[in-house]
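Naming convention: chains lettered A, B, ... in sequence-line order (proteins, then strands); numbering from 1 in each chain.
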Amino acid sequence: MQTSVLMSGIGGQGIQVASKLLCLAAIPAGFKAQQFSVYGGAVRGGLCECSVTVANEPITEPPVLHACDAAICMHPYAVARNVPGKVRRGGLVIVNTSLIEAGTVRPEGVRVVEIAASTIALEIGNLMTAMMVVTGAYATLIGAFDPQNLIDRVPEIIPPYRQQHVALNQKAIQAGIDFARNLTAVPA
Amino acid sequence: MMAKIGEIEFMDGAEAIAEAAIQAGCRFYAGYPITPATPVQEYMSKHLPEAGGVHINAASEIEAIGMVWGAAITGHRAMTATSSTAFSLMQEYCAYIGEHAVPVVIVNVCRMPIQGDYFQATRGGGHGDYRMVVLSPASVQECADLTKLAFYLAQKWRMGVLIMADTGTAHLSETVEFKEFVEPPLPPKEEWIVGAVKWRRENQQKKDLEAMFGEHAKTAAMGLHAGAEHLGDPQTRHSKEKYERIAAEEVRFEAYGCEDADYIICAFGTGARYARAAVDQFRAEGLRVGIFRPITLWPYPTEALRKLAAGKKKVLVYELNFGQMVDDVRIAVEGRAPVVSVSDIGTQIIGFGRIHPADVVTTMLREAIQAGELVSA
């Protein structure tokens, strides 16, 4: 099994932290993980793209993905750069409809899941946890490992001087997990 | 994070190099920050003191390499890391490190173009007749493994060893296992380190020193006579014989699918990751293509490539530069097959560097394979 996801948005949305957390959560389930980030230097609001591949065999996927099994679009930039178009047929696209208009991302042969992640994050208590919400939802939808692993490894991914935010991030991940579970409970 | 032997860690290539260096016994690091090499220094500044070592943020790259040279000549394992332009600044000292036969590990995390420093790495950017062993990691696991090897080779041969990483490997995070590297016995450091006067007086015959240095025998024993380069085993001194032995004994490479191939693609480091994906694609289509990946850029795996290349339809060389390693491939192949350079500096920006996305690499290589060939109906 090898599955890849391209996470795309802008600097400051927490995409890098979330992509590394996703890798850390996959490892206890016996997976190998690979992560690569492309981002502008030292700016918020610049383009940010992270590739993550997890596999139970040695990873052959090149680090910068030109085609992937799933994409997460956090910002209209991601749509402008045709990130959903890189998803292979039968794959998954998660769209943050707080910032991207619902119904506008419709790649052919790909499942689209719309989630108002930034809105949910604000309700939880901090806009910056939107990516954690989406990561919780993604891991649940892919089902490759127990999404509880994400919650368990949050303290490792957050620097020592920001440990007061651990609980909030865990709450955001749980909200994403709950969202995805409710989603799959509804018949298509 | 301080990694334990045998445990699976998740870190980037720069951190893996730094961690492996500490595990290999590196206890002195001096460097001047530069993207994309800075994470090596960040890790060292945090974790080297925990291991009882010394980290110094130098005032310049020249100062950094000078301090590393100085630390190494006292017998302590020492390293610096830098990136392309700043590695140029270090070249004078690299030449002295070679000439004086001092074991030093240098990391060049290349940027823009990310494989543009091949000539500098393999031909030496400094003056004189020196060589450095050049190791080229293509994964985070290799960043760890080759760093441990680098410290061993540096001391075994008493010379500079260069780890030629780049943005694509140093900023790539992967699962990595830190393996135990059991070093074969090394010659006593006292043969060459500064300050081991008593040891040399007792262990190296006075007449040997006199035969070599005449009236300077006493200062030679102190290691002060024109540096320590004249001391110790002739095979580890700065000598033609040493470099010939390294070229014969230290070659490392990976060949995948080359035996039955009609075409061989030569690529190294990050470039090889993308070329490998193209090879898998070609194989799935029934095209017989193999990949030859030198791990030591010097010594180059000349003999191995020569044998594999004989009779192939083409040997393609894919690099993220304007075509540098292709020279070594031509030397190796010696006309036994046509050699084609398929190189450019990349189209997609990845921080301080560029790559070609895997589909572009596949297209470039496919066109090079098909160019000038008769297409049967």
Side-chain angles (χ1 to χ4, degrees), chain A residues 2 4 6-7 11 16-43 46-68 81-83 85-86 88 149 153 155-157 159-161, chain B residues 1 7-13 15 35-36 38-39 46 111 114 138-142 166-177 256 267 269-281 283-284 291 320 346-363:
Chain A
Q2 176 163 303
S4 58
L6 192 55
M7 302 169 151
Q16 291 208 60
V17 172
S19 67
K20 287 186 179 168
L21 177 63
L22 190 61
C23 293
L24 286 182
I27 291 166
F31 288 107
K32 297 184 190 314
Q34 173 182 279
Q35 184 269 0
F36 194 84
S37 327
V38 177
Y39 53 91
V43 284
L47 178 82
C48 177
E49 268 181 26
C50 291
S51 304
V52 172
T53 303
V54 298
N56 41 23
E57 298 294 317
I59 293 170
T60 53
E61 194 92 71
V64 179
L65 299 170
H66 77 280
C68 48
R81 285 174 54 83
N82 193 27
V83 169
K86 294 183 177 179
R88 297 185 185 103
N149 291 0
R153 301 206 75 167
E156 293 167 63
I157 203 75
Y161 52 91
Chain B
M1 186 194 306
E7 280 184 12
I8 302 292
E9 301 287 348
F10 180 73
M11 54 170 68
D12 67 30
E15 292 170 329
T35 302
T38 306
K46 195 169 175 192
R111 64 186 206 183
I114 64 172
S139 63
V140 176
Q141 185 65 54
E142 277 195 348
D166 61 54
T167 308
T169 39
H171 287 196
L172 167 68
S173 295
E174 287 183 309
T175 31
V176 52
E177 181 189 346
Y256 166 73
T270 292
R273 289 291 283 257
Y274 293 85
R276 169 65 189 262
V279 168
D280 288 337
Q281 168 84 23
R283 287 252 156 200
I291 184 162
L320 284 150
T347 49
Q348 182 177 346
I349 293 172
I350 52 160
F352 261 84
R354 284 165 183 257
I355 55 137
H356 296 109
D359 54 338
V360 177
V361 179
T362 307
T363 305

Part of A/Glu61 lying under 4.5 Å from any heavy atom of chain B = backbone
When the side chains of residues 49-59 of chain A are checked against the rest of the protein, which donor-acceptor pairs come out under 3.5 Å, sequence neighbours left out?
{"residue": "A/Glu49", "atom": "OE2", "partner": "A/Arg81", "partner atom": "NE", "Å": "2.8"}
{"residue": "A/Glu49", "atom": "OE2", "partner": "A/Arg81", "partner atom": "NH2", "Å": "3.2"}
{"residue": "A/Ser51", "atom": "OG", "partner": "A/Pro63", "partner atom": "O", "Å": "3.4"}
{"residue": "A/Ser51", "atom": "OG", "partner": "A/Leu65", "partner atom": "N", "Å": "3.4"}
{"residue": "A/Asn56", "atom": "OD1", "partner": "A/Met1", "partner atom": "N", "Å": "2.8"}

query = Where does B/Ile8 contact chain A at under 4.5 Å (heavy atoms): side chain, backbone, both or neither?
reply =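 Contact with chain A: side chain only.
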ask   = Atom CD1 of A/Ile157 and atom CZ of B/Phe10: how far apart are they, to the nearest 0.5 Å?
value = 7.5 Å
query = side chain to side chain contact (heavy atoms under 4.5 Å, CB included) with A/Pro160: which residues, sequence neighbours excluded?
reply =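 Scan of A/Pro160 (side chain to side chain contact (heavy atoms under 4.5 Å, CB included), adjacent residues dropped) gives none.
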inquiry  = Tell me every residue that passes side chain to side chain contact (heavy atoms under 4.5 Å, CB included) with A/Val64, counting only those two or more places apart in sequence or in another chain.
reply    = A/Phe36, B/Tyr274, B/Gln348, B/Ile350, B/Ile355
key: Closest approach of A/Pro62 to B/Arg273 (non-hydrogen atoms, all atoms of both residues)   =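 Smallest interatomic distance, heavy atoms only, reads CG-O, 4.2 Å.
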remark   = Against chain B, residues from residues 24-34 of chain A with at least one heavy atom under 4.5 Å, in numeric order, are A/Leu24, A/Ile27, A/Phe31, A/Lys32, A/Ala33, A/Gln34
task = Report yes if some heavy atom in the side chain of B/Ser173 is under 4.5 Å from a heavy atom in the side chain of A/Lys20; otherwise report no.
result = yes
